[in-house]
Structures are given as structure tokens and as C-alpha cells.
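Beneath this line is the structure, given in C-alpha cells, with notes to follow.
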Amino acid sequence: MSRIRSLPPELVNQIAAGEVIERPASVVKELVENSLDAGARRIEIDIEQGGARLIRIRDDGGGIDADDLPLAVAAHATSKIASFDDLERVGTLGFRGEALPSIASVSRFALTSRARGADAAWRIEVDGGKPRAPAPAQHPQGTNVEVRDLFYNLPARRKFLRAERTEFGHIDELVKSIALARTAVEFRLSHNGKPVRLLHAARDEGDQARRVTDVLGEEFPVNSLRIEHEAAGLRLHGWVGLPTASRSQADQQYFHVNGRLVRDRLVAHAVRQAYADVLYHGRHASFVLFLELDPVLVDVNVHPAKHEVRFREGRLVHDFLYRTLDDALGGTRAGGAVSAAAGPASTPLPSAAPMSSYGYAPQRQAGLGLGVREPLADYAALFGEARALPRISADAVVGETAAPAANRDAEDVPPLGFALAQLHGIYVLAENAHGLILVDMHAAHERITYEKLKAAQEGAGIRSQLLLVPLSLAVSEREAGVVEEHVARFAELGFDVERSGPQSVAVRRIPVLLDGADVAQLVRDVIADLATHGQSRRIEESGNELLGTMACHGSVRANRRLSVPEMNALLREMEATERSAQCNHGRPTWVQLGIAELDRLFLRGR
């Protein structure tokens, strides 16, 4: 090897560009974030040929003093931090001082700026990393950055650029994500001289909601829950999509930490767990969420492009996100209005709606055909004695059909109304104050039964069984240490697991619920979760999967004829059960057809 030597500044900047500038969208990100840090209230983004030919960003921010222009394109020069204390409390989107010199080293670069209160603007040009002397220019207050011929001096990098449409698609997606976080800023985006996106600044909550609609479409706010929750110095707000509005890919997932768009494994894990009980496998939730916390508690200096962050209290953040989202999704009930805040504060049910219990019964009752016998043996094995589970009483709802919903005051009509008939032994038809309700009776009963089973399990506790022969697992020394540290947590979950050697653990007791499961793999997965996140819900999820199977087999089947009182009892239980708007697999349990919608179907009023 040759002797150690200092690298030329141009080469240093090109190496930094390789870390920061992946594609044209990366340039747009860095420049728009600089505009936001400068206090801009209007940002115009002009793109040509997907950003390969031209990227121009204009803003009305505070601008740059003429004397500071050479420093603006110099490496590691910044106005955003000055000490180590500033680095621990980063409150801006950019702070490294690498972006502009890195971009200028791989393009034909020009920056024109007029500082607030200055008499004139000044312009500095950089060609392939070589700056020229600043010169006077014409420009209003703010900054104009032009990046032409990206990677013109690095042909190998330029070959990696995708098609023009693909590169612009990345830019458009980036602008949308930033616009969701900065609703008070106006954004204008054009491509090849044609306007593509105009997002006006939001002045109130109504404008903010319109910004979300403009970016994600009209269906998103209609099929989402508004989140607003604060605890332990953390604040989470935004929108989470309903499980029934899930998507085939994760293309509508925006998570911002103190205004910064991030992709974080801890966040993804918490969101996935919150949706585990209500989402089909392979489906993805939609959300636009904003987490706010003290900048001291989050390290944003862990990735060159600032895509990732590190939380100093990762477990606290994970639990806060999971519980907030889980409570919000759990607070949704069939027929209920969307809650304005996370947690149990959902719209109360009318007092006129009788709330009966609906679950397993040892045999068919007179006037009630929803009891099942088979799952009771499993239930007894899981929770001890075959206690009598609550069931619905048909007598509780006999009087409900005396008058149809149309002849009652709106406040006396329950959210899901009163049953009218059953269709093909599958759907329940009901009338409420708004029109027609359709209910998938098996999906609805499956959710009700599943939630009853979970509540019964929590009340009875997790029963364990002793293994005849302890299960010995070979693990790494680090994994064995994790088991030793979390023995109590394993015990809470019904496991007797302890460290039996430097690189081995022994499993002596397992939950009855998991009899027949791949215990070795499950324990390994739990250890991995505890090592990464400090907690795990894999055991609960595995148990819930079995309870879901039991609920499916124990629920009323298709082609079962129900009496009107039985159908009304099902509707009342749906209104009282958490997550009853969808079954355990994420399918909707009910739909509403309003009178206006029915009128349109039959062309009434035309």
C-alpha cells in the first residue's frame, strides 16, 4: 500500500456525495430541507428530465448573506450547530454542512440568494466542485438553487439513474411526504415546464385535512382514524387507516419524528403489532403520523442522509406507539363514529340499546341457535374448569321489533339499527336512522367470540403445563444473557425458561395454549425481539392465532337461519365489542347504504 496522504477536497466531496446523493430525489430532499430551515413559506420546485438535466428550488426564506456564500458551498460549514450541545439538541432538518458541497461536486451548480434586509442579491457558481467568486445578481428575498447535469462528471453514477418517469416519481413522492409534515408551507412542483402539484398553505385544521386529501386522495381521510395522544413527554398525532382500507404494498406510510420523515425498524415493529389482530397477512396499513419529543431523546446523527434515527428510550417509544395505536383501533366499533382521540373515548352507545353478552354456550338454547359445543373442551383445557361463559338472551331484545327505525326518533335508534331480515343465510339486513345496514353475520360473530375469548384468557390467566423432558436450546452467549435478564418476563407469559449454560437455555414449562406449536422456534423469536426491542408479543400473537381459529369454528356458520331477536342481539353485541368493524382477518363486518345512495341506485329524483 502507498503512504497515507490527505485527499483532495473535490474527491472528499464526491465521496460524501456518494453517501448523500443517491438519485435526483436526494438532491431535492436536501435543498427543500434547507429552504424549510431558512423559514420559507413558499417553495417552488422545477424539474427537467426527471432531475437529470435540471433541479431548481426557489424559496422566500431568510436568504444567505453575501459574505457567507463561499462558506455555503464549503465542506462542513453550517449555521445550524456550533457546539456539542447543539448536536445533542438538533432542531433543524439539516446540520452536517455536507449537502451543498456534495451536490456541487457532481453537478453544474449555482446559488443565488438575497438575505432579509439586504440591498441586493448575490450569486455563486460551482462547476464540478470548483467555486467561482460571488457576483451581484437580481433576486427577491430568498434563495434560488440550480443543479444542472447531475453526475455529468461521474458517468458511472449517471448510468445508474432510472427512466425519467421513475426518477420524477421519487421526487413527487418526496414532495408529498414533506408537504404532509409542513402544512403551513405552500409547495409548487413542475416537470418539464408543466405544473404537476400545487399545495396551498394551510391556515386552519380544515386546510390541514384538505392537504392530506390532496396528497393521498379523498378515500384516505374517510377511511382513517384521527389520532391525538400525549403521555410521558411524547406526543403522537395524525391519521391511521382503518384495517378494512389496507393496501397491497406499503406505499402510504409516512412517519415523521419532530418534522423529519424517517424509516425506522422500531416504529415499523410497533405499528405492525398494533395491526396484528385486524389485518390480513401480506396487507399493509396506511398512516400519516407525527411523533414529537424532546430533541435530546432522539439521535438524528446516525445516517448520512438522515433517513434513520435512534431513540434514547427505545422501549418507551415503542410501547407508547403500540398502545396508542392499539387503543385507537380497539376503540372502533361497528356503527360507531370515529373517535377524535386515541384511547377508549369512542362515541358512547345509546342507552336504549340493550347490551347482552354473546359467546359460547354448552348447548342450543330455546329461541337461540348460536350456541356451539365443540370448542368448550378446548376452552376448558386452556383456562381450567369449563366455567359457564356468558351468552346472549333472546328475551333481552324481543321488544325491539315492535316499531321499525323509520317510525322512531333518531336518538332512540341504535347505530346498527334494527334487524329486518336475513339474506341467503349469510347477511343480516337492518334499518337504522341513515338507511340500510348489511352485516356479514359469521364475520361479525367471529370477532365477538374472539374478543370474548381473549378477555376470558386475560381474566383466568395463562395456564402452563410442565414438559416431561425439558427442551434444551443451543443459543449464542448474548442470547443466553437475554434469557437470564428476562426470566420474569418469560414467567409472565407462561414459560419456565432459564439459562442452563454459557450458550444454552432450558425450557421446562410452556403455556397450554401453545401445545403442539414449534416451541423452540417461538422461544428463539422471542429472544430476538427482547434483544432488539426490549419486549415481545410473539407469544400473545401465537396464542391469539389459536383463539382466532377457535372463534372461527365456534361462530355462527353460513346458511344458519336466525330469528329477528337473535339478529338484533348480534347487532347490539357488535356495537359493544372492540374492533367489531372487521373480523379477525381484516374483512369488514358491516356496510352502510344511506338513503341518498339508495336513491341514486334507483335514479330517484331525476
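Along the sequence shown, the residues carry numbers beginning at 1. Heavy atoms only: backbone and side chains are in, while hydrogens, waters and symmetry mates are out.
Summarising the local packing, CZ of Phe290 is surrounded by more than 12 heavy atoms from other residues, nucleotides or ligands at distances under 6.0 Å. Counting non-hydrogen atoms of neighbouring residues, nucleotides and ligands closer than 6.0 angstrom, the CZ atom of Arg323 reaches no more than 12 such neighbours.
Phe168 has its side chain within reach of Ile47: a pair of non-hydrogen atoms, C-beta onward, lies under 4.5 Å apart. Side-chain contact between Leu321 and Val271 is absent, with no heavy-atom pair separated by less than 4.5 Å. Side-chain contact between Val32 and Val175: absent, with no pair of heavy atoms (C-beta onward) separated by less than 4.5 Å. Side-chain contact check for Leu438 versus Leu429: some heavy-atom pair is nearer than 4.5 Å. The closest side-chain heavy-atom distance from Pro24 to Ile171 is below 4.5 Å. Residues Leu225 and Trp239 have side chains not in contact (no heavy-atom distance under 4.5 Å, counting atoms from C-beta outward). Residues Val262 and Phe255 have side chains in contact (heavy-atom distance under 4.5 Å, counting atoms from C-beta outward). Side-chain contact between Arg197 and Asp172: present, with at least one pair of heavy atoms (C-beta onward) separated by less than 4.5 Å.
Shown here are the side chain to side chain donor-acceptor pair (under 3.5 Å) partners of Asn223, two or more places apart in sequence or in another chain: Glu219. The side chain to side chain donor-acceptor pair (under 3.5 Å) search around Ser246 returns Arg283, not counting sequence neighbours. Listed by chain and number, the residues in a side chain to side chain donor-acceptor pair (under 3.5 Å) with Arg235 are Glu228, His237, Glu292 (sequence neighbours excluded).
Here the NE2-CG distance, from His445 to Asp440, works out to 12.5 Å after rounding to the nearest 0.5 Å. Distance check, rounded to the nearest 0.5 Å: CG of Leu325 to OH of Tyr275 gives 7.0 Å. If you take CD on Glu33 and CZ on Arg182, they are separated by 8.5 Å, rounding to the nearest 0.5 Å. A distance of 7.5 Å separates CD1 of Ile43 from CD1 of Ile178, quoted to the nearest 0.5 Å. Rounded to the nearest 0.5 angstrom, Met567 CE and Leu416 CG are separated by 13.5 Å. In this structure, the separation between CG on Leu180 and CD on Gln252 is 9.5 Å, given to the nearest 0.5 Å.
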- Query: Stepwise, does the side chain to side chain contact (heavy atoms under 4.5 Å, CB included) test hold for Tyr322 with Asp327?
  - Reply: CA-CA 8 Å; Tyr322 165 73; Asp327 287 347; over 6 Å; no
- Message: Could you walk me through whether Arg579 and Asp326 satisfy the salt bridge (Lys or Arg N to Asp or Glu O under 4.0 Å) test, starting with their C-alpha distance in whole Å, then the side-chain angles of each, then the deciding distance to 0.1 Å, before giving a yes or no?
- Response: CA-CA 10 Å; Arg579 304 175 180 86; Asp326 186 61; 2.9 Å; yes
- Message: Using side chain to side chain contact (heavy atoms under 4.5 Å, CB included), reason through Val507 and Ile510 one step at a time and then give a plain yes or no.
- Response: CA-CA 8 Å; Val507 183; Ile510 66 172; 3.9 Å; yes
- Kindly indicate, with the supporting measurements, whether the criterion side chain to side chain contact (heavy atoms under 4.5 Å, CB included) is fulfilled by Phe311 and Leu234. CA-CA 12 Å; Phe311 298 103; Leu234 306 173; over 6 Å; no
- Full working for side chain to side chain contact (heavy atoms under 4.5 Å, CB included) between Phe187 and Arg211: CA-CA 11 Å; Phe187 291 88; Arg211 170 69 63 90; 4.0 Å; yes
- Task: Step by step, work out the side-chain hydrogen bond (donor to acceptor under 3.5 Å, both in side chains) result for Asp525 and Gln521.
- Result: CA-CA 6 Å; Asp525 291 342; Gln521 186 59 49; 2.9 Å; yes
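Listed for the His256 side chain is a donor-acceptor partner under 3.5 Å among the backbone atoms of Ser177. Looking at Glu575, its side chain never comes within 3.5 Å of a backbone N or O of Arg333 through a donor-acceptor pair. Within the 3.5 Å criterion, the main-chain N or O of Asp299 finds no donor-acceptor partner in the side chain of Arg310. Thr213 contributes a side-chain N or O that, together with a main-chain N or O of Ala209, makes up a donor-acceptor pair within less than 3.5 Å. Side chain of His486 to backbone of Val482: a donor-acceptor contact under 3.5 angstrom is found. Glu479 contributes a side-chain N or O that, together with a main-chain N or O of Ser476, makes up a donor-acceptor pair within less than 3.5 Å. Side-chain atoms of Thr589 come within 3.5 Å of backbone atoms of Ser580 as a donor-acceptor pair (strictly under, hydrogens ignored). The backbone N or O of Gly50 sits less than 3.5 Å from a side-chain atom of His191, completing a donor-acceptor pair. A donor-acceptor contact shorter than 3.5 Å is absent between the side chain of Thr577 and the backbone of Met574. At least one donor-acceptor pair closer than 3.5 Å links the side chain of Ser26 to the backbone N or O of Glu22.
The shortest non-hydrogen separation linking Pro414 to Asn432 is O-CB, 4.1 Å. Here the closest heavy-atom approach between residue Pro588 and residue Ala443 is recorded as O-CB, 4.5 Å. Counting all heavy atoms, side chain and backbone alike, Ser286 lies closest to Ala245 at OG-O, 4.2 Å. Smallest separation of non-hydrogen atoms from Leu316 and Ala232: CD1-CB, 4.2 Å. Counting all heavy atoms, side chain and backbone alike, Leu293 lies closest to Leu297 at CD1-CB, 3.8 Å. Closest heavy-atom contact between Ala444 and Leu570: CB-CD1, 4.4 Å.
Ring to ring, His229 and Phe320 are close: their centroids are under 6.0 angstrom apart.
At a threshold of 4.0 Å, the pair Glu313-Arg315 does not count as salt-bridged, since none of the basic side-chain nitrogens sits closer than that to a carboxylate oxygen. Classification of Arg247 and Asp251 as a salt-bridged pair holds, one side-chain N sitting under 4.0 Å from a carboxylate O. At a threshold of 4.0 Å, the pair Arg312-Asp294 does not count as salt-bridged, since none of the basic side-chain nitrogens sits closer than that to a carboxylate oxygen.
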